Each structure stands twice: as C-alpha cells, then as structure tokens.
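Predicted, not measured: the structure shown is a model, and the values here were computed from it. What's counted below: heavy atoms across the whole structure, side chains too, no hydrogens, waters or symmetry copies.
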6 protein chains.
Amino acid sequence: MGIHKYFRSLNELERIIRCPGKFKFEEHSVAAHSWKVVQYAKTLADIEEKHGVSIDWKKLYEITSSHDYGEIFIGDIKTPVKHASPQLRQLIQQVEEGMVYNFIEENIPEEFKDIFHNQLREGKDNTTEGLILEVADKMDQVYEAFAELQKGNTEKEFVKMYRQALIKIKHINLHCVDYFLNHILPDMINDEMMSSVDIRRITEEALAPDFIEDSCKPLV
Amino acid sequence: MGIHKYFRSLNELERIIRCPGKFKFEEHSVAAHSWKVVQYAKTLADIEEKHGVSIDWKKLYEITSSHDYGEIFIGDIKTPVKHASPQLRQLIQQVEEGMVYNFIEENIPEEFKDIFHNQLREGKDNTTEGLILEVADKMDQVYEAFAELQKGNTEKEFVKMYRQALIKIKHINLHCVDYFLNHILPDMINDEMMSSVDIRRITEEALAPDFIEDSCKPLV
Amino acid sequence: MGIHKYFRSLNELERIIRCPGKFKFEEHSVAAHSWKVVQYAKTLADIEEKHGVSIDWKKLYEITSSHDYGEIFIGDIKTPVKHASPQLRQLIQQVEEGMVYNFIEENIPEEFKDIFHNQLREGKDNTTEGLILEVADKMDQVYEAFAELQKGNTEKEFVKMYRQALIKIKHINLHCVDYFLNHILPDMINDEMMSSVDIRRITEEALAPDFIEDSCKPLV
Amino acid sequence: MGIHKYFRSLNELERIIRCPGKFKFEEHSVAAHSWKVVQYAKTLADIEEKHGVSIDWKKLYEITSSHDYGEIFIGDIKTPVKHASPQLRQLIQQVEEGMVYNFIEENIPEEFKDIFHNQLREGKDNTTEGLILEVADKMDQVYEAFAELQKGNTEKEFVKMYRQALIKIKHINLHCVDYFLNHILPDMINDEMMSSVDIRRITEEALAPDFIEDSCKPLV
Amino acid sequence: MGIHKYFRSLNELERIIRCPGKFKFEEHSVAAHSWKVVQYAKTLADIEEKHGVSIDWKKLYEITSSHDYGEIFIGDIKTPVKHASPQLRQLIQQVEEGMVYNFIEENIPEEFKDIFHNQLREGKDNTTEGLILEVADKMDQVYEAFAELQKGNTEKEFVKMYRQALIKIKHINLHCVDYFLNHILPDMINDEMMSSVDIRRITEEALAPDFIEDSCKPLV
Amino acid sequence: MGIHKYFRSLNELERIIRCPGKFKFEEHSVAAHSWKVVQYAKTLADIEEKHGVSIDWKKLYEITSSHDYGEIFIGDIKTPVKHASPQLRQLIQQVEEGMVYNFIEENIPEEFKDIFHNQLREGKDNTTEGLILEVADKMDQVYEAFAELQKGNTEKEFVKMYRQALIKIKHINLHCVDYFLNHILPDMINDEMMSSVDIRRITEEALAPDFIEDSCKPLV
C-alpha cells in the first residue's frame, strides 16, 4: 500500500506500554521512549564529537529513531522470555526480522525498499553509533526505573531494571559513558536525596509576616 | 515465599491489556477476560449437561479460571508471532510452561505443588472440558471484536479476530456450539441491526403533548 | 432476548469500579475482583479437601463467579448505606433480588430459567461453599486495601476496609481460614517490611567493578 | 474536625463517575456535572428575571452548587433502584439525609451548623429556584445523552436518559423552559444534522490551487 | 448560533487539565476546579455575612462560576509565561478578553449580550465578592498542592504553588481569610501529621481475639 | 544542575496532550508527536536525497527531535491566540525563546552551552532541513485529524486542522511534498473509503461450511 502504511503504523507504538503487568505510577509508550532515546543519543554523540570521535549522523538518526519498530509485530515480549534460552532468543529475533522484512516487501514501493531495509535493521552493532544507541536505550531504563523508585514503587522489577541497565552501561567503552557516570548519574541521585518535603515548615515560613518569595532560594 | 506470592501475582493480569497496539474503544484486561470465560464456560457446560453429557466441574473450574495465567511470564505475544513457525510456537510454549513450572517449584509449598502443577497446566485438551474452554475463549474474542466493529472501529485486526474465532468455534463438535450458532450469535447480529438512532425523531416523540414513557415499547 | 443479553451484560462489570469516590493508586473493576475471588476460592477449597472436607465444585463454581452480578442493577451502594438500618438493608436486598429475578424472567429462555435463578441466587449461606465464598470475597478486600496502604495511601477508608475484612475472616470456622491467618497473611506483612529501597546503595553496588547480577541474591 | 473536612470531601465528587457501568465515549464526574448545572441555572434564572420573575440568588447559589453532595455518602444508586418502590425510595432518601445530617453534626463547628443544614437540604422544591434546579439538572442529562448518541453510542440507556429528561423538562411551567424548548434544543438538533464529514471533498477543496482558508465560510 | 453554543462549550473545560506537564497523582479539570471554587466562595461569603458584611450573591454567583471560562480560548498558559513581562501579561489578557468578547458578539442573541458580557468579565476586582473569588481560587491551589505533597509528590512545582497561594491569601484583608488561616489550614496540617499507617500493628489489633470494631475510636 | 536537568525535563512532554479541550478518540502527547515528526522527516529527507538534494543530517536530527521542547515552558498555547495579533505572536515567541535561553544558561554546563543553544533554536527556517521540519510537523496534523474524522469525530476543529495543514504543505516547494500529495495522501483517502464493515456478511461468510481463511484476500 505504500509508505502511508508505514507512517500509519507508527501510531501503534503510541499504544504499546512498556513493562506491561507491573504496577507503575507513570506509564511510558514505546513511541515516547523512542523519542527520549533520540534525545539522549544526540547529546551522547555530541560528547563523543568533543573528544574527537567522528559521528555518522544519518546512521545515528535512523537506528535510534526506529530501534523499537519491530515491537509492532512481536509486541512486548518480556526480557526473561527473550533470554530464557539462546536458541529461543535467536528464533524470536529471526521471527521479528522476518516480519519486518515481509512488511517492507509487501508495502514499501520498490524504489524505497533498500532505504527501509537499511533503516529497520538491528542497530546495536559495535560501531560508535550502535554503542551510543545501546547506552541511550539503557539510560531510559535508568530514568524510568529511578522515577518509580523515587515515588516509592515497591515492585522489585524496577530495582532489577535499574541495576541491570547500569551494569550494561558501565561495561561500554565510550567517552559519553564516563560523562554519564561521573556527571549525570550523581545529579540524579542527589535529586532523590533532596526530595522529602516538610509541609509544616513550608507552611510556617510562607505565613511569616515578612516572608517574600525569592526565586533564588532553594525550594525544598 | 508461599501461596501469597501466587495470589499477589494475579494482580498483574489486571494490568495486561489484550490486543496491545491496536486502537480500541474499550480496553479489556486479561483478568476481566478470564472472568468472562469462566462465565461463558459455566453456561456452555450447563447446555452439555442438558444433553446428557457429564461434566467434571472441578476440572472445568481450574482450567477456565487459570487458562491465561502464563501471560504473567510471557506477556502478550501476538498471535502471528506464536504461529510464525511450528518450531517457534513449540519453543515459546516450552518456555511458558518452564516458567510456570519454575514459579511453582520456587514459591509454592511442597504440599500444594501437585495441585498447582495440575491447575496451571495447558487446559485445552480434547476432553469435553478442554473443548468448552476453547469455545468460551473464542466466544470472548467474538464479543470483543463485535463490540468494536459495532462502534465503527475500522482496524482490520478486529474483522480478522471476529472471523477467525467464528471459524474455530464452528469446527468444534459440541451441543453448546450448536446452541451458540443457532441462538446466541443471531441475537448478537440482530442487536447490531437495530443500533442506529434517529435523534430528531426521538426528540419529537418525547415532546409530543400526549407522549407517555412506556417501558414496554421498543426504545430504538 | 436470550442468553446473549446475559453474556453482553457481563461487560458492564468491567466498567464498575470498586470503592468509588476514594482516592486509590490502583482501580479494580468488579469483573477483575470476581475473577480473583474465583481463584482464591479454588485454593481455599483445595485446602478444605486436603482436610477431608468434601466440596461441591459445581456449586462453588457458580456462586463465586456470579456473586456480584447484582451490581449491574443496583450499582455500587456503599457499605455504610447498606447497613444504615436493618430495614433498609433488607429492602435493598429485596430490590436487588427482584431485579435479578425480572431480568431472568424477561430475557432467559424458558428451558434455562431454573439454571439462572439458581446461579444468580445469594451464595453466602452457611455451607462450606458459601463460607469459602465469604472468605474469598473478604480476602480480596484485604489484598486491595493492603496494596493501597503499602503505597502510602492515607485514605482512612482502606485502614477500615483492611481491618473489617480481617475481623470477618477470623470469625469463620474453616481449615482454610487457619491456613490464611498462619501462612498467607504473615507473608503479606513481611512483604511490606522489606519494601523500602535505598537507591544510593543499589547504585553504588551496581557500579562496583566486580559486581555480577546474581538472580539468587535478595533484590532489596 | 471542622469545615476543612467538608472542603476536603468535595474531592470525592471528582472521582464519582456518572452512569457507571454503561459504555460511554466521555466520562463525566459528579463535580463537573454540578458545575455545569450551576452555569445552566444562572442563565435560566436570567431568563426568568427578564420576564419579571424575582430570583433569590443566594438560595439558587446554594441549592445548585450542593445538589448532589449526598452522593458522597450513598454513591451512585441507579435510578431504577431508587424508584423500584415508593417505600424504598423514601427509605433511601431518609438514609441519605440522615448521613448528611450526621456529617454536619459531627464535623461542622456549632456556629456554622445551621448554614450547612440549610445548604445541604434537598433543593428541588416548588419554588422558582427549586424548579430551575430541576430543569438545569435534567438539561445536563440531555447534553450528556445527546453527545453520546451523536458519536454513535448504541447503549439504549442514553436514548432513555435523553427522552426521560426531555419529558420531565416539558412538564415544568417556567419561562426558561419555553426558551429551552424553542431556542436551545432546536440548535442542538441542527448541530447534529450537520455533523457528517466528507473527507474526500475537504481534501480536494484544500488542495485546489486557488483555495484560501476563509474563516467566515461554513466548515462542514 | 445562540446560547446552545455557550452551554456546549462548557464541556471543553472538563477536558482541560490543570498544571499540564507536571507529574501528579490526581488530575483536576478546570470544570471540577471551578465547582470547588464555587463551594469555597459560598462558605467564605457566609463567614463575611456573619461579620456583618453584606454580599451581592448574584454577582458572587456569576464571577465564581465563570471565572476560568476564558481558558477555553487561550488554553492553559503557564503562570511564569503570563508574568514574564508586564507587557506580555497585559497583551495576553487583552487577547483573552477580545476572544470572549467576539464569542459573545458572534453567538449570543442580542437580548442576552449584556448579561453574558457582564458574566464573563474579569471578576477579581477589589470588591468583597472579587476578593472572595481570589481567596477561593487560591484555596483550591492550596488543596491541590497539599494533596500531592501529602502523597509524596516530589515535583518542586507543588511546593511553589502551595507557598505562593498561601502568601497571596494572607495578604487579603477579609474576615474569612482569618478564619481560613486560624481554623481550616491548621486542620489540614494536622491531617497530614496523622497520616502514616502502621500496617503490622493494625493487623495484630484486628486479629486479637477480643477486638471489636468501634467506629468511635480513631482509625490511625 | 547539569544535563540531567534537561534529560529529566523531557518527561514533561509525555504529559502535555496536544489539542487540549477538544473531544478526541485518541490522545497524543507532545513526546509521541515529536517522535513521529522525526520519522516522517527521515523519509522526506530520503526522498530529497533521491532527487540529488544534499541533506545536513546532523542539523535535521537536532531541529526535528527538539522542535517542540519550548512547550515545556509555555504550555500549549492555542494557535488562534498565537496568531491573534502579530505583536502578540512576536512577544510570545520572545518569551519562549527567553525561557529556553535562561534554562540553558542556568542548567547546562559551560562546555555544552553552545551545543544546546544551537539545538533548541527555532528550526523552521528556509533551508531544506527547516522546510522538511515544517512539512513533517504539518503531516502529523494531517494524520491526527484524519484519524479523528475517520472515527466519526464531529468537532469542527479537526476539519480545520486537517485543511490548514494541507494548505500549508501544498505551498512548500520540495520534491517530498510532491511525493506526499501524489502517493501518500491518496493512499490515506482510499483507506478511509474502504473502512465501513458489514458485520452480517462477514459472519455469514465465516460460517459457510467451506470457508477457509485466506490471508491474501481483502479483509473488508
């Protein structure tokens, strides 16, 4: 039916919710996740460039923005299943790739087939761009899990997700990983430490006769 | 950790939404679906009993109420994936059964292990109870898809789901299938035929000086 | 209109939310609640059987799965109203039973009327099955209220619901009540005790150079 | 505990959804409904004033804004139940009034008790203000039901709600009822008549080389 | 098109959610907010009357119920934007007033134009009614922010909203402000202090052999 | 506070819903919209490249992914407001740019300031990349509005949005615009034409004794 069929299908990723089954205070669609991965990857690549690494921006663009497109066909198969056996993992990946392949063959006009086959390939290879995608994808797990834990979510799943994402990231050898571990992660943790709120004190301060709201002083 | 772990986990099936990705006017959780299957199966079994077939109610109870419990471990793997290759289908079923098996071994106290292994086995065998479960499960697909089509949902997925469920049902040889096809399905279709509403006429009727609401006359 | 009318109406119980008005982190439909009651009752009856009590599984099946069907007609009338006066309580029950009765008379075909009148009767009598239903129904209140309190819900309603359900359960004389009080409830409480999460420590552990994710060690 | 307890409780009416159980495209809370009734009543009273009728605005203010407050205590008891028998209806009203009475006695400071008893009384009496409240309340049923029917909702409940509200309104003898029937209702019906959209035509028009968006021409 | 167009548009304020973007445990529509402001204002005016101040109830009715109607045209423009520069603030207010003006001129019948222009004017002037509206509006910010903080929301926005609303209120010179600061606010704070729940203790108490639920004793 | 503050803030765009106030069958967050714009722009740029136009992929990456970031600060100011007067429009844009500027100055580390100022600038200039962003942004309005109209949404807003987006697109002089108008848009319209479903026929076909599901034949 043409490229319209592809564009129309993007809508489905707005309706697939990550981490189905587990209680969460905030739900995230695969579409919103994909967009945040695009954003993280942009900054991670900027950091690499500052260290003199050269980036293929077109490649980075296509692998980050499309990296979860296959979920339209296979849904959200939980990580433990994917990893239950090397054989199963490989088969599921084969099926996913086969379905993406068939989708392109059946729907995309001849002249665009190569572009789409390239764009929708598995992007997490060992190039700088592939590794940045892996870091950015895991960073979003860190952010999602952190936000749940910070709100008091007691599902062990989020402790696990947070921990495994950090472990994965720390083993990737990129300048931007150093930056994440040394600058971004500490800010995130400190954020948490300041988050408890003493309502009584805030009330008393606000009602003090001479209190003037000062946008420069810390709020909590 | 004991049976508490099992009871607590049921909550997850309230959060897994059927048919993820597709637009729908109404969402259905796996928990609500399971309950409706229990209800349909009860009546289907009643119909069999009326025809002199004897029912093992304990077996019917356990296989219908638990029939989708495995989705806690494998999530909602889309039907096309499950059927992409006989080999994949078999592997996925092996993994699902393995995960249920491990859950029981790790969490359920020794004295209850047999009960849970029995209860959480695949129930769709060729016994009357297994076939009733298959019919009831497909009937809920018919009801879900019908309600979407009736509201004007244009996702082809629901035409497909409706059609495939009917085809599956019609090939099962049970008294209750005859009853469904000859009495329940025609009522459903007629329901649809009566559903368009002429607001102007209703308004004029209601405002007529001598109009008296009469609960016996047809409403639309 | 036939049994279709009954099956179609089940859908309404997916849309009636328990405990309306109160703030809650998780909403539960009457349909999902009914399904969990079916599941609890299954295990409670298994426990009775292990102690040599004989169970009428067909009866248990029908009274548990249909026990809140009347809410389709009367909505969710809050407990304090139901109990405001013995006279009112009795009248409301009469109305509910009258409406169920009329629904069956008007919609269910002659040959099935007895089955439906039997299935939709009030099930909480003093038989083993009736008492199991009462325990299972109250157990779901315990689970629902506990999950809210654990997440920090400060609505007093849930303290009350939790307390009253426990009191009701402890006064019922069944083997499965002993099991619940001695094995399931303690696991639930201990669950709660372990639920606070130290994000900073988890982060430091995960980043330690020699840390290896070990699925056997406790997660929190 | 004081007036705070009353103010805090208003929040519950944001969470009670009207017409529970029935499928609807849009949900309306009792709080939002109450606000719209306040708005309709304002204009209805303006119309009466234009015809020389004098309005007690303080009374109108208190009876319209608080008219469904009792639902906090009794929840949403469905209309058929309320009217199942005159005896039941009277009893339920007694219970509701008793619970409101007790709430005031237990929570509202002595000096404000009279004000709250007055404000939370049943407002639908035969005064102009009481009748305006009745019209405004029914008008919101007309608007809610109309919006569902217009979107293609096939639940007969909304045909019934629409019809019964119109019948109730037409029998009330006020100038503003004439205005509603002769000016507002016809606009509503005409709205509906114009609502079908021809996407192909709109597309072709928009793409015509000389098409200029003109905010004055009709859009559909 | 007439007054129908105005009544129909009220529906939009049920769909505009306050404080967009920020994480919140509970969402509030502008419609529900408007209704609560109507309720607070009623009691605040009652307090003024008790102190001998005379209230124009018709004016209070119209300015409180319609005070956020303009958001239909301008959406929810965030406070920092509105106040970014005095020039911008004034321009935005001009635009909002212009759009309300045009709406009335284009849609409201000649005979009602004055009434609507009056009703939809900016109501927060320096009259008693205008000041009561300002207090009631800020009180709802206090209630909304408090409820988030109490549930553990760590968004600094709600600390800010809570603090700024209190500061605004304390500078308004009305009898009802004294009452709010001396009676209502302390009850709210004390509410918070009692809100932590000890699940283990409640469980043990409930299971004690001689425990009887006593509705008079404090629940937490 | 560093780049963490920027990454954390992306979350807010998952909670800002486009087109607030209007009834819609499907809600779209600004985050999901941004991701779809990234996807459309990728293909549009591919089409330009096929025609020999050279693309600055890094620039396209940053302007498309960040193009609505400013909505975090100014919320969703409705289009009619933005365009009410050239003076207001310019002022609002100044405020938005000022707030983004301040955010960067206050939060982003010195060494990254230039990168962020560049990334978060207004991207819709007259370069190929800027024009592609404009087309992609309007294409998403076409898709959003079309999906509402197709489901029977009668809000005139969506007719307007659809029409204005098409008009805007047709006046942009790019190869990809030709492709969109000649290939993608016609597929979209044809999609609509086929969308009505005849449930009775589908049922009869499915129940025909010799019916075999054939994935190649058209479904509706």
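- Among B:F116, B:Y179, B:Y6, the residue with the largest count of heavy-atom pairs under 4.5 Å with chain C is B:Y179.
- Inter-residue side-chain proximity for C:W57 and B:L60 is flagged as unmet; no heavy-atom pair is nearer than 4.5 Å.
- Contact of B:K50 with chain C is made through the side chain alone, with heavy-atom distances under 4.5 Å.
- Looking at B:Y143, only its side chain comes within 4.5 Å of chain C, counting heavy atoms on both sides.
- The shortest distance between side-chain heavy atoms of B:D187 and C:R8 does not fall below 4.5 Å.
- In this structure, the portion of B:P109 lying under 4.5 Å from any heavy atom of chain C is its side chain and not its backbone.
- With respect to chain B, the highest number of heavy-atom pairs below 4.5 Å among C:A32, C:S29, C:S34, C:A45 belongs to C:S34.
- Rounded to the nearest 0.5 Å, atoms CD1 (B:I184) and NZ (C:K5) are 14.5 Å apart.
- Listed for the B:K58 side chain is no donor-acceptor partner under 3.5 Å among the backbone atoms of C:D56.
- In this structure, CD1 in B:I3 is found 5.0 Å from CD1 in C:I47, a value given to the nearest 0.5 Å.
- Within the 4.5 angstrom heavy-atom criterion, only side-chain atoms of C:E14, from C-beta onward, approach chain B.
- Other residues, nucleotides and ligands contribute only 12 or fewer heavy atoms inside 6.0 Å of the CG atom of B:N173.
- Taking a 6.0 Å sphere around CG of B:N126, one finds it holds 12 or fewer heavy atoms contributed by other residues, nucleotides or ligands.
- Taking CZ from C:F112 and OG1 from B:T43, the interatomic distance works out to 8.0 Å, rounded to the nearest 0.5 Å.
- With a 6.0 Å radius and a threshold of 12 heavy atoms from other residues, nucleotides or ligands, C:K59 has its NZ atom above the threshold.
- Between chain C and the residues B:E144, B:R15, B:M139, B:E27, the largest count of heavy-atom pairs under 4.5 Å involves B:R15.
- Environment of CG in C:D114: sparse, with no more than 12 heavy atoms of neighbouring residues, nucleotides or ligands closer than 6.0 Å.
- Heavy-atom neighbours of C:E111 CD from other residues, nucleotides or ligands within 6.0 Å: above the threshold of 12.
- With a 4.5 angstrom heavy-atom cutoff, B:F180 does not touch chain C via any of its atoms.
- At distances below 3.5 Å, not a single donor-acceptor pair connects side-chain atoms of B:K42 with backbone N or O atoms of C:S66.
- Looking at B:Y69, neither its backbone nor its side chain comes within 4.5 Å of chain C, counting heavy atoms on both sides.
- Contacts between B:L185 and chain C at a heavy-atom distance below 4.5 Å are absent for every atom of the residue.
- Put simply, the side chain of C:Y61 gets close to the backbone of B:V38: a donor and an acceptor are under 3.5 Å apart.
- What you find for B:N11 and C:H28 is that their closest heavy atoms are ND2-CE1, 3.6 Å.
- Here B:T64 contributes atom OG1 and C:W35 contributes atom CH2; the two are 11.0 Å apart, rounded to the nearest 0.5 Å.
- Heavy-atom neighbours of C:N118 CG from other residues, nucleotides or ligands within 6.0 Å: above the threshold of 12.
- Using a 4.5 Å cut-off between heavy atoms, B:A41 contacts chain C through both its backbone and its side chain.
- In this structure a side-chain-to-backbone donor-acceptor pair under 3.5 Å is present from B:Q39 to C:S65.
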